[in-house]
Amino acid sequence: MADGNFEMVNATVFEEHHPNNYLRRLADSDIGRHYKSIALEQLDIQPGQTVVDLGCGPGADLGSFAAATGPTGRVIGIDSDAAALTEAQSETLIGARIELRRGDIHTLDIPDDTTDRAHTDRVLQQVAEPTRVLEEIRRILRPDGIAVLAEPDWDTLVIDHPDLEIARAYKRFVTDIAVRNSHIGRQLPRLAVGCGFRIEDVLPITTVFRDVAAADKVLGLKRVSDRAVDAGYLTREAADQWLTHLATEPFFAAATLFIITATRWP
Ligand SMILES: C[S@@+](CC[C@H](N)C(=O)[O-])C[C@H]1O[C@@H](n2cnc3c(N)ncnc32)[C@H](O)[C@@H]1O
């Protein structure tokens, strides 16, 4: 494909910059609504309960948690990102029942045995020490508390391309570099048991993408490919070949996120 055509295809299919509303847009998409509704069901929130959303981001889940806890309940959203919390403040109906806190979830300013439900959604994949966060969740949960942890495993990412080596190199960049704890999905049941939880359920949520633009909105295909080139995982030529094929040929990709439901044990 001539350079001009390549640029044109790129520009129309792939987002160049990470959009500010990335998290909110994903939460509002069919994909986000689907798996978040399953996580909510697994939480089994009862009226009057205290729910802590660790790494709440722009607060996509806080409204549904507050609705489930009702007027006598309490929802605490914690995140280290001030901008995300500002967004949560403006977009969520913050009443007395939703409290936003800026902080590092490795050290929770919440007393022992006081939380009924704890939730993460694509957060443990980012933190420096997932087991430290799990220990904190275990500490704050009441004896009959429930933790629901929705975390992907990026080794499940499959993207169809005739040159398997290019596809593998792209995924290696994602799992080696782009995501800090890229295998957290498969590791979580073991890590959680080690931190004093019993695993009640593990639900796989596999998202299949057959539309390249829809996949790009979640996966950032061009941005990640460009970073893979910079990091030496792909040559520029291979990345251009990869992106052109993804943009112009029938598209298929899939990735799995696991929703782990855990209780305190013993
Ligand atoms: C992928 S976002 C998910 C946000 C939200 N859970 C959602 O579903 O939209 C991950 C969030 O975890 C937060 N985060 C990562 N490490 C953190 C830490 N150590 N302490 C607090 N928040 C953290 C980030 O700031 C980010 O908002």
Side-chain angles (χ1 to χ4, degrees), residues 15 18-43 45 51-68 75-92 94 98-110 115 117-137 139-140 147-154 157 174-175 178-185 188 191 195 203 205 207 217-220 223-224 255-261:
E15 287 183 337
H18 191 74
N20 288 338
N21 67 345
Y22 173 85
L23 289 171
R24 177 61 69 168
R25 186 179 69 183
L26 181 55
D28 290 342
S29 69
D30 288 348
I31 296 166
R33 282 204 304 272
H34 170 64
Y35 84 81
K36 280 179 178 293
S37 72
I38 294 172
L40 180 64
E41 212 171 289
Q42 290 295 106
L43 276 164
I45 297 169
V51 182
V52 178
D53 190 15
L54 296 93
C56 63
D61 294 300
L62 299 176
S64 54
F65 294 169
V75 177
I76 303 172
I78 307 170
D79 206 286
S80 51
D81 181 350
L85 290 175
T86 303
E87 200 183 326
Q89 208 148 21
S90 59
E91 293 201 22
T92 313
I94 303 291
I98 301 180
E99 185 188 328
L100 295 175
R101 294 188 189 175
R102 186 170 180 204
D104 182 350
I105 57 172
H106 290 90
T107 317
L108 298 174
D109 186 16
I110 296 175
T115 300
R117 302 290 186 261
H119 172 256
T120 68
D121 183 339
R122 291 160 298 139
V123 176
L124 298 176
Q125 65 166 352
Q126 291 187 3
V127 302
E129 291 181 67
T131 52
R132 178 86 194 99
V133 177
L134 288 170
E135 284 164 3
E136 279 293 86
I137 295 174
R139 179 183 68 72
I140 64 168
V148 173
L149 315 166
E151 300 289 337
D153 190 302
W154 286 102
L157 175 65
V174 172
T175 54
V179 184
R180 184 186 237 162
N181 305 312
S182 52
H183 300 102
I184 193 72
L188 255 184
L191 298 179
C195 292
L203 301 176
I205 308 290
T207 301
K217 285 191 164 64
V218 178
L219 302 173
R223 292 192 302 276
V224 174
T256 300
L257 168 138
F258 295 96
I259 298 182
I260 285 117
T261 304

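Numbering of ligands and ligand atoms starts at 1, following listing order.
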Of the non-hydrogen atoms in K36 and A27, which two are nearest, and what is the gap between them?
CE-CB, 3.8 Å
Looking only at heavy atoms, which two atoms of L43 and R117 are closest? And how far apart?
O-NE, 2.5 Å
For R25, the side chain to side chain donor-acceptor pair (under 3.5 Å) test, sequence neighbours excluded, returns E15
List in chain and number order the residues that pass side chain to side chain donor-acceptor pair (under 3.5 Å) with R101, two or more places apart in sequence or in another chain; answer none if no residue qualifies.
E99
Determine whether D53 and F65 make a side-chain contact, defined as any pair of heavy atoms from C-beta on separated by less than 4.5 Å.
yes
Students should find this: residues with any non-hydrogen atom under 4.0 Å from ligand 1. What is the answer?
L23, K36, G55, C56, G57, D61, D79, S80, D81, G103, D104, I105, H106, D121, R122, V123, Q126, V127
Hey, can you pull the donor-acceptor pairs under 3.5 Å for the side chains in residues 122-133, sequence neighbours left out?
unit_1 : atom_1 : unit_2 : atom_2 : d
R122   : NE     : Y35    : OH     : 2.9
R122   : NH2    : Y35    : OH     : 3.3
Q125   : OE1    : W154   : NE1    : 2.9
Q125   : NE2    : R122   : O      : 3.3

